Asker: 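Just dropping this structure here.
If you're wondering where the values come from, they're calculated on a predicted model, not measured in any experiment.
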Amino acid sequence: MDSFIGFWLIVILGLILVLGGLIFLAYRIPKRIGKRKIGIVLSIILTSIILIPILTFVFEDYLFFKSDAIKSLEEHKITLLDDFKLESNEMSGIRDFYHHFELQISKADKDRLIYKILESEYYLGSISETFDIRTGKPRYSAEDQAFVVTYQNRLSYVYEYYKPNKSGYTPTWDIISISKHKNELTYERVLD
C-alpha cells in the first residue's frame, strides 16, 4: 500500500512540476525577447486553463444552486411552485458518483407532491422493509428503458427511478423522498 501511495505522490509531484514549468516558460520566453506583457498574458491564460477545472471539481458542492436543483427535479417531471431553501448539497466520487441534496419546501408543494406519489400508476403502497428498485433489473441494456416506482415507508413518501444504460456506462438510480414529519424533499442520485 505504501508503494502505491508513493507512486501517486511522485506522479502528482511530477505533474505539478511540469505544469509549473510550462507556466514559467510561457512567461519567461516572451520576456526574454522583449515581450513581457505577452508573457504575463500567456502565463495567466495557461494558469487559468489549468486551475479552473481543478477548482471546479474541488468546489463542486458550493457551485450547486437552486436552478440546478430545479433542473434535477424536472428530469422526473417534479416541479416546485413555491420558493424553497437549499438546505444541503453533497457530491462525491469520480467513477462511482453520488449526489445528495435536501430542500426545505412549502407545505403546499409537499402536499401536492405527496398526492402525486400516492396517485401514481407505479404506487406500491406502504412498504415496511428496505426496498431497492434495482433488484431483478438488468444493469446494462441496449434498449432505452427506465423503471419507476412510488411507495411510502415509515419516514417518507418515495419516488424511485432506475435506468440501465448501455454497456460501459453506469446505470442511473434516483431517489426522491418527501418527509412525513418535515417540509423537506431529499434527492439522491447514484451512478455506480
Side-chain angles (χ1 to χ4, degrees), residues 5 8 12 48-135 137 139-140 145-165 168-192:
I5 293 172
W8 283 108
I12 290 170
S48 298
I49 289 171
I50 293 168
L51 283 182
I52 287 175
I54 293 169
L55 292 176
T56 301
F57 179 75
V58 170
F59 294 107
E60 187 175 38
D61 290 345
Y62 302 106
L63 298 173
F64 185 80
F65 302 104
K66 282 183 170 184
S67 59
D68 299 316
I70 290 170
K71 196 163 44 166
S72 295
L73 293 173
E74 284 177 347
E75 288 179 25
H76 302 288
K77 298 180 177 71
I78 294 176
T79 56
L80 298 174
L81 302 177
D82 299 328
D83 193 28
F84 60 90
K85 182 179 177 190
L86 183 60
E87 291 287 319
S88 67
N89 179 57
E90 177 187 343
M91 294 183 212
S92 63
I94 295 174
R95 285 190 45 146
D96 297 336
F97 177 75
Y98 176 75
H99 184 199
H100 173 100
F101 65 80
E102 293 178 1
L103 306 177
Q104 190 72 35
I105 61 175
S106 70
K107 175 83 166 105
D109 275 340
K110 176 183 175 179
D111 292 341
R112 194 174 44 75
L113 293 174
I114 289 171
Y115 179 78
K116 184 175 182 173
I117 288 172
L118 293 175
E119 295 300 315
S120 168
E121 65 181 285
Y122 307 109
Y123 184 68
L124 295 179
S126 183
I127 296 177
S128 58
E129 57 196 57
T130 305
F131 179 80
D132 188 347
I133 191 173
R134 301 172 300 172
T135 304
K137 309 291 188 296
R139 182 163 171 81
Y140 301 108
Q145 61 180 339
F147 304 95
V148 175
V149 67
T150 62
Y151 58 91
Q152 63 178 302
N153 58 29
R154 188 173 52 84
L155 301 172
S156 57
Y157 297 91
V158 182
Y159 168 94
E160 279 196 46
Y161 170 89
Y162 177 71
K163 182 176 194 298
N165 294 313
Y169 294 90
T170 57
T172 303
W173 181 29
D174 293 344
I175 305 166
I176 301 169
S177 306
I178 313 297
S179 173
K180 286 185 174 181
H181 307 292
K182 300 184 244 175
N183 293 343
E184 188 174 84
L185 180 146
T186 303
Y187 173 94
E188 294 175 274
R189 170 166 280 182
V190 179
L191 303 174
D192 71 343

Asker: Any chance you could lay out the side-chain hydrogen bond (donor to acceptor under 3.5 Å, both in side chains) test for Trp173 and Glu188, step after step, and finish with the verdict?
Answerer: CA-CA 8 Å; Trp173 181 29; Glu188 294 175 274; over 6 Å; no
Asker: Looking only at heavy atoms, which two atoms of Ala69 and Leu103 are closest? And how far apart?
Answerer: CB-CD2, 4.2 Å
Asker: Which of parallel (below 30°), tilted (30 to 60°) and perpendicular (above 60°) describes Phe101 and Tyr187?
Answerer: parallel
Asker: Identify the heavy atoms of Lys137 and Tyr162 that sit nearest to each other, and give their distance.
Answerer: CB-CE2, 3.7 Å
Asker: Do Thr186 and Glu184 pass the side-chain contact (heavy atoms from CB on, under 4.5 Å) test, and can you show the C-alpha distance, the side-chain angles, and the key distance before you say yes or no?
Answerer: CA-CA 7 Å; Thr186 303; Glu184 188 174 84; 4.1 Å; yes
Asker: Verify whether the ring centers belonging to Phe131 and Tyr151 lie closer than 6.0 Å.
Answerer: yes
Asker: So which atom in Tyr123 and which in Gln152 form the shortest heavy-atom distance, rounded to 0.1 Å?
Answerer: OH-NE2, 2.7 Å
Asker: Could you list the residues that satisfy salt bridge (charged side-chain N to carboxylate O under 4.0 Å, His left out) with Asp82, not counting sequence neighbours?
Answerer: none
Asker: Atom CG in Asp109, atom CG in Leu80: separation rounded to 0.5 Å?
Answerer: 5.0 Å
Asker: Would you sort out whether His76 and Tyr161 count as a side-chain hydrogen bond (donor to acceptor under 3.5 Å, both in side chains), showing the intermediate values?
Answerer: CA-CA 8 Å; His76 302 288; Tyr161 170 89; 5.9 Å; no
Asker: Going by distance alone, is a donor N or O of one side chain under 3.5 Å from an acceptor N or O of the other, for His100 and Asn89?
Answerer: no
Asker: To the closest 0.5 Å, what do you measure between CZ (Arg189) and OH (Tyr98)?
Answerer: 13.0 Å
Asker: After noting the C-alpha distance and the side-chain angles of Ile70 and Ser72, does the key distance pass the side-chain contact (heavy atoms from CB on, under 4.5 Å) rule?
Answerer: CA-CA 6 Å; Ile70 290 170; Ser72 295; over 6 Å; no
Asker: Taking Phe65's backbone N and O only, do any of them form a donor-acceptor pair with Asp68's side chain (distance below 3.5 Å, no angle check)?
Answerer: yes
Asker: Any side-chain to backbone donor/acceptor pair from Lys110 onto Gln104? Under 3.5 Å, distance only.
Answerer: no
Asker: Between Ser156 (side chain only) and Ser179 (backbone N and O only), is there a donor and an acceptor less than 3.5 Å apart?
Answerer: no
Asker: Mind listing the closest non-hydrogen atom pair of Tyr159 and Ile117 along with its distance?
Answerer: N-CD1, 4.4 Å
Asker: Roughly how far, to the nearest 0.5 Å, is CD1 of Ile78 from CG of Leu185?
Answerer: 7.0 Å
Asker: Considering residues, nucleotides and ligands other than Lys66, do more than 12 of their heavy atoms fall under 6.0 Å from its NZ?
Answerer: yes
Asker: Specify the closest pair of heavy atoms between Asp174 and Glu75, including all atoms of both residues, with the distance to one decimal.
Answerer: OD2-OE1, 4.5 Å
Asker: Return the minimal non-hydrogen interatomic distance between Asn153 and Lys180, and the atom names on each side.
Answerer: O-NZ, 2.7 Å
Asker: Only counting residues at least two apart or in another chain, list the ones meeting ring pair (Phe, Tyr, Trp, His ring centres under 6.0 Å) with Tyr157.
Answerer: none
Asker: Once salt bridge (charged side-chain N to carboxylate O under 4.0 Å, His left out) is applied, do any residues pair with Lys107, and if so which ones, sequence neighbours excluded?
Answerer: Asp111
Asker: To the nearest 0.5 Å, what is the distance between OG1 on Thr150 and CD1 on Ile178?
Answerer: 11.5 Å
Asker: Under 4.0 Å between a Lys/Arg side-chain N and an Asp/Glu carboxylate O for Lys85 and Glu102?
Answerer: no
Asker: Could you grab the distance from atom NZ of Lys163 to atom CD1 of Ile133, nearest 0.5 Å is fine?
Answerer: 13.5 Å
Asker: Can you tell me how far apart CZ (Phe147) and OH (Tyr122) are? Round to the nearest 0.5 Å.
Answerer: 11.0 Å
Asker: Would you say that more than 12 heavy atoms from the other residues, nucleotides or ligands in this model lie under 6.0 Å from the OH of Tyr115, or not?
Answerer: no
Asker: Name the residue from Leu113, Thr79, Ile176 that meets the side chain to side chain contact (heavy atoms under 4.5 Å, CB included) definition with Leu73.
Answerer: Ile176
